[in-house]
Colleague: 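I'd like to ask some things about the structure below.
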Amino acid sequence: MGDERIYRVVFHLDEDDDERVLLLFANVRNLMADIQNVEIEVVAYSKGVSAFLRDSEYSDRICKLIDDGVRFAACSNTLNAWGITSGKLVDGVDTVSSGVGEIVRKQAEGWAYIRP
Amino acid sequence: MGDERIYRVVFHLDEDDDERVLLLFANVRNLMADIQNVEIEVVAYSKGVSAFLRDSEYSDRICKLIDDGVRFAACSNTLNAWGITSGKLVDGVDTVSSGVGEIVRKQAEGWAYIRP
Amino acid sequence: MGDERIYRVVFHLDEDDDERVLLLFANVRNLMADIQNVEIEVVAYSKGVSAFLRDSEYSDRICKLIDDGVRFAACSNTLNAWGITSGKLVDGVDTVSSGVGEIVRKQAEGWAYIRP
């Protein structure tokens, strides 16, 4: 019984102000509480990548969400432009060739898109 | 003759600044004028819910749009977090378990997504 | 060999602050570099249309992107509301009945949607 469908959702983060980043984390948690069978990826590019850095104030939240099965992906173009290596990212955060390309590929595979 | 296709669109509102809220209402009206067979739902969560409250300056606009067949849905998580009941919402505004989940479900059913 | 799939992406611009407009142009360029077979349309409405005007600081960027096959579409509702003619747009920028309707039609045809 219940809704057996699997939902897949890509979140888009390209800003770094606290309110927007915290809203995104709340979105992810609320979505996980609301829909049982959900696969979530959070893609950051531009300023959004700063939230994924090891020394960001959000690193604990990200670690916990990774433990809970959420995927985090940072844009390599942004990392290269900033001159920082992927080693600066929170453990478990992946890199993708481009954040925008990743979001496009996910939507092309049928994923829903949320831009908080 | 003409385009018999039915279009379905979910709008996402999570901000409360006047410019953004008014842009969303203009979007809805422009969309209804441009595409005849369109089903529209406006989903609000976080600060976006304040526009849907009975005492908001947008309540008349919302009433008219509901009369014209637009559905408005407010996030229960937000209402609970704010400690306000659904009775504070404009008459005819629905509540959903979570705003983000509602947007995801609509997209999974093939609805287009607009985030003004 | 390689990914022969064609990706189609509609970008949404409704703001005019430099940071957002420049991010959109960087997005388009990064997407073109990341995905070879990509068809891109940038739709502007409301304040976003100002970036598409002939005398905007972005006109050269737009010309080059049009040369590279990107389509730009400005909302006629916005132009009418501003009392300006399509002749004020950068050469090669198209007009559409409404920006929001254009984005909806593209998504209904299976295009991915990016709102930077």
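Numbers restart at 1 for each chain; the letters A, B, ... are given by sequence-line order, proteins then strands. Note: hydrogens, waters and symmetry copies are ignored here, and every other heavy atom, side chains too, is used.
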Colleague: Give, as side chain, backbone, both or neither, the part of B:Lys106 having an atom under 4.5 angstrom from any heavy atom of chain A.
Modeller: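 For B:Lys106, neither part sits under 4.5 Å from chain A.
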Colleague: Between B:Arg105 and A:Ile35, what is the shortest heavy-atom contact and its length?
Modeller: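 Between these two residues, the closest heavy atoms are NH2-CG1, 3.5 Å.
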Colleague: Quick check on the structure: residues of residues 108-116 of chain B within a heavy-atom distance below 4.5 Å of chain A, by number.
Modeller: B:Ala108, B:Tyr113, B:Arg115
Colleague: Does anything in residues 90-98 of chain B get under 4.5 Å of chain A by heavy atoms, and if so which residues?
Modeller: B:Ser97, B:Ser98
Colleague: Considering non-hydrogen atoms only, spot the tightest contact between A:Leu31 and B:Gly101 and give its length.
Modeller: CD1-CA, 3.7 Å
Colleague: Would you call A:Asn30 and B:Tyr45 a side-chain contact if the rule is heavy atoms closer than 4.5 Å?
Modeller: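 No. Closest side-chain heavy atoms not under 4.5 Å.
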Colleague: Any residues in residues 8-21 of chain B near chain A, with a heavy-atom distance under 4.5 Å, and which are they?
Modeller: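 At a heavy-atom separation under 4.5 Å, chain A is reached by B:His12, B:Asp14, B:Glu15.
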Colleague: In residues 60-67 of chain A, what donor-acceptor pairs under 3.5 Å come from side-chain atoms, sequence neighbours left out?
Modeller:
none

Colleague: Supply the atom-to-atom distance B:Ile103 CD1 to A:Asn27 CG, rounded to the nearest 0.5 angstrom.
Modeller: 8.0 Å
